[in-house]
*Asks:* 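Have a look at the structure that comes next, please.
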Amino acid sequence: MTFTNTMKRTAVRVVAALAAVACTMSLAACGQDEAGKIRIGIKFDQPGLGFKKSGTYVGFDVDVAKYIAKKLGYSEDEIIWKEAPSKQREAMLQNGDVDMILATYSITDERKKAVSFAGPYFVAGQDLLVRKDDQSINGPEDLNGKRLCSVTGSTSAATVKEKFASEVQLMEQPGYAECATALFSGIVDAVTTDDIILAGLASASRGKLRVVGKPFTQEYYGVGIKKGDTKLAVKINNAITDMIQDGSWKKAVADNTEGTDYTPDVRYNPPTPDEGEDA
Ligand code: GLU
């Protein structure tokens, strides 16, 4: 049987209608835009890590993500960047909104209940950011009676609740940029999260904010993927190993921390991917 023009038109309409239904059900099936592409969750508001800058994306997480995507067979044009705020990362992976997340995303046992991780590809440490002229805070031991800002859904906020809840007043925001604004305006006395994130914010503040420089945790940055996708984890870990071995990792760290006082802790960096991590 041959298709008449009317039958063809009807078929096209049916396919389009099905695509529209699929689109409302799952972002993964949404339109041709995403077909054949890889969807990567990053931060959009963390200078030096994941930062949206007039339609382009820059930072260390972005560079690592591009390197991994290339090894997985995707060109830069085939990457769809999606904003992955701290609180939404597990849900985004569980819902299939993204294929992987590189967003200063610490590997934790709690998160491993919902998602899997490849990596680690970097090790940071939780630290404090204060106003330059404030000499009263020089470590977590000085937080008594202070107001502290961190981000909902982060390990940083969780650590404050666990370790310093009796001394400090915690204010939670959706992102670290909001915390930096609160610090500028005097609403809080300090911001807490990973040292490398704080270094980017301090640098963007043009000398108005300073990182205390006494990290009090270790944050192993992983590549978040759908729970149980062991095959993908192995491929990503191979890519990270290559990136470290061919010098691209070191270059990406240097490029993205340029102009800050930050240097990675060499006791933990570069890390060995897959070190004791299950996928
Ligand atoms: N690395 C920490 C975390 O994954 C803090 C940074 C962030 O919120 O992205 O929770």
Side-chain angles (χ1 to χ4, degrees), residues 40-52 57-65 81-94 98 100-129 140 148-164 170-183 188 190-202 204 211-212 214-225 253 256-257 260 262 264-265 268-269 271 273 277:
I40 305 179
I42 53 166
K43 295 294 177 71
F44 279 7
D45 60 352
Q46 293 179 195
L49 277 313
F51 196 69
K52 188 174 179 187
Y57 301 91
V58 289
F60 178 66
D61 283 343
V62 172
D63 287 346
V64 178
W81 301 104
K82 298 205 178 191
E83 185 168 21
S86 296
K87 190 174 173 239
Q88 287 163 36
R89 294 175 290 201
E90 287 85 35
M92 287 178 79
L93 287 166
Q94 286 176 312
V98 287
M100 55 187 198
I101 290 185
L102 286 97
T104 57
Y105 197 10
S106 298
I107 301 169
T108 70
D109 287 340
E110 189 59 31
R111 288 171 180 165
K112 277 202 247 171
K113 291 177 191 161
V115 302
S116 290
F117 287 98
Y121 62 91
F122 191 78
V123 186
Q126 185 170 353
D127 209 324
L128 298 167
L129 182 73
L148 191 59
C149 187
S150 200
V151 166
T152 316
S154 67
T155 54
S156 328
T159 301
V160 170
K161 284 180 204 164
E162 265 166 42
K163 293 193 182 159
F164 311 110
L170 179 67
M171 178 171 111
E172 290 184 60
Q173 290 292 309
Y176 298 105
E178 284 95 339
C179 278
T181 306
L183 181 57
V188 295
V191 176
T192 186
T193 187
D194 307 338
D195 45 11
I196 189 167
I197 301 174
L198 298 177
L201 293 172
V211 184
V212 164
K214 277 194 206 150
F216 48 92
T217 68
Q218 276 133 40
E219 306 293 324
Y220 286 80
Y221 286 2
V223 180
I225 54 175
V253 171
N256 292 297
T257 56
T260 72
Y262 186 79
D265 190 331
Y268 312 111
N269 286 290
E277 290 309 327

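Only heavy atoms go into these numbers, but all of them, side chains included; no hydrogens, no water, no symmetry mates. We count ligands from 1, going down the list as the structure has it; atoms in each ligand are counted the same way.
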*Asks:* Check whether any side-chain N or O of Thr181 sits under 3.5 Å from a backbone N or O of Ala177 as a donor-acceptor pair, and report yes or no.
*Replies:*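 Yes, Thr181 side chain to Ala177 backbone: donor-acceptor pair under 3.5 Å.
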*Asks:* Sequence neighbours excluded and cut-off under 3.5 Å, please list the side-chain donor-acceptor pairs for residues 100-107, or say none.
*Replies:*
| residue | atom | partner | partner atom | Å |
| --- | --- | --- | --- | --- |
| Thr104 | OG1 | Gln46 | NE2 | 3.3 |
| Tyr105 | OH | Glu90 | OE2 | 2.7 |
| Ser106 | OG | Glu219 | OE1 | 2.6 |

*Asks:* Within a distance under 4.0 Å of any heavy atom of Tyr221, pick out the atoms of ligand 1 and give their elements.
*Replies:*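 With Tyr221 as reference, the close atoms of ligand 1 come out as 1 (N).
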*Asks:* Purely on distance, is any nitrogen or oxygen of Gln46 under 3.5 Å from one on ligand 1?
*Replies:*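 No; every N/O pair is 3.5 Å or more apart.
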*Asks:* With sequence neighbours excluded, tell me which residues meet side-chain hydrogen bond (donor to acceptor under 3.5 Å, both in side chains) with Lys161.
*Replies:*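 So Lys161 forms a side-chain hydrogen bond (donor to acceptor under 3.5 Å, both in side chains) with Glu172.
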*Asks:* Donor-acceptor check, side chain of Asn269 to backbone of Pro264, threshold 3.5 angstrom: yes or no?
*Replies:*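 No: the side chain of Asn269 does not pair with the backbone of Pro264.
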*Asks:* Show me which atoms of ligand 1 lie under 4.0 Å from any heavy atom of Arg89.
*Replies:*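 Checking each atom against Arg89, I get 3 (C), 4 (O), 7 (C), 8 (O), 9 (O), 10 (O).
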*Asks:* Under 3.5 Å, side chain of Arg89 to main-chain N/O of Ser86, donor-acceptor pair present?
*Replies:*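 Checked: pair present.
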*Asks:* Can you check whether Ser156 has an N/O within less than 3.5 Å of an N/O in ligand 1?
*Replies:*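 Checking ligand 1 against Ser156, no N or O pair falls under 3.5 Å apart.
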*Asks:* Evaluating non-hydrogen atoms only, which member of Thr192, Asp194, Thr159, Val151 is closest to atom 5 (C) of ligand 1?
*Replies:*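 Looking at heavy atoms only, the winner is Asp194.
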*Asks:* Which atoms of ligand 1 are found less than 4.0 Å from any heavy atom of Ala103?
*Replies:*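 That gives atoms 9 (O) of ligand 1.
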*Asks:* Regarding ligand 1, does Tyr105 bring an N or O atom to under 3.5 Å of one of the ligand's N or O atoms?
*Replies:*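 No: no nitrogen or oxygen of Tyr105 is under 3.5 Å from one in ligand 1.
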*Asks:* So if I count the atoms of ligand 1 from 1 in the order they appear, which ones are less than 4.0 Å from some heavy atom of Tyr176?
*Replies:*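 Taking each heavy atom of Tyr176 in turn, ligand 1 has 5 (C), 6 (C), 7 (C), 8 (O) under 4.0 Å.
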*Asks:* About how many Å separate CZ of Phe51 and OH of Tyr57, when rounded to the nearest 0.5 Å?
*Replies:*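 Taking OH in Tyr57 and CZ in Phe51, the distance rounds to 12.0 Å.
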*Asks:* Which of the atoms of ligand 1 are close to Ser154, meaning less than 4.0 Å from one of its heavy atoms?
*Replies:*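 Taking each heavy atom of Ser154 in turn, ligand 1 has 8 (O), 10 (O) under 4.0 Å.
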*Asks:* Is there any N or O on Arg111 that sits under 3.5 Å from an N or O of ligand 1?
*Replies:*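 Such a contact does occur with ligand 1.
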*Asks:* Only heavy atoms count here, so choose which of Thr108, Asp61, Thr155 is nearest to atom 2 (C) of ligand 1.
*Replies:*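 Selected option, by shortest heavy-atom distance: Thr155.
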*Asks:* Do Val223 and Tyr121 touch side chain to side chain, with heavy atoms closer than 4.5 Å?
*Replies:*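 The answer is yes, as the side chains (C-beta and beyond) meet within the 4.5 Å cut-off.
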*Asks:* Give the numbers and elements of all ligand 1 atoms closer than 4.0 Å to a heavy atom of Ile197.
*Replies:*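 Listed by number with element: 6 (C).
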*Asks:* Sub-3.5 Å donor-acceptor pair from the side chain of Asp195 to the main-chain atoms of Gly125, do we have one?
*Replies:*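 Indeed, once roles are kept as given, a pair shorter than 3.5 Å links the two residues.
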*Asks:* Any idea which atoms of ligand 1 are less than 4.0 Å away from a heavy-atom of Lys43?
*Replies:*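 Here the atoms of ligand 1 in question are 7 (C), 8 (O), 9 (O).
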*Asks:* So, Thr108 side chain and Arg111 main chain: donor-acceptor pair closer than 3.5 Å or not?
*Replies:*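 Yes; judged by distance alone, with no hydrogens or angles, the pair exists.
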*Asks:* Which of the atoms of ligand 1 are close to Thr193, meaning less than 4.0 Å from one of its heavy atoms?
*Replies:*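 Counting from 1, the qualifying ligand atoms are 5 (C), 6 (C).
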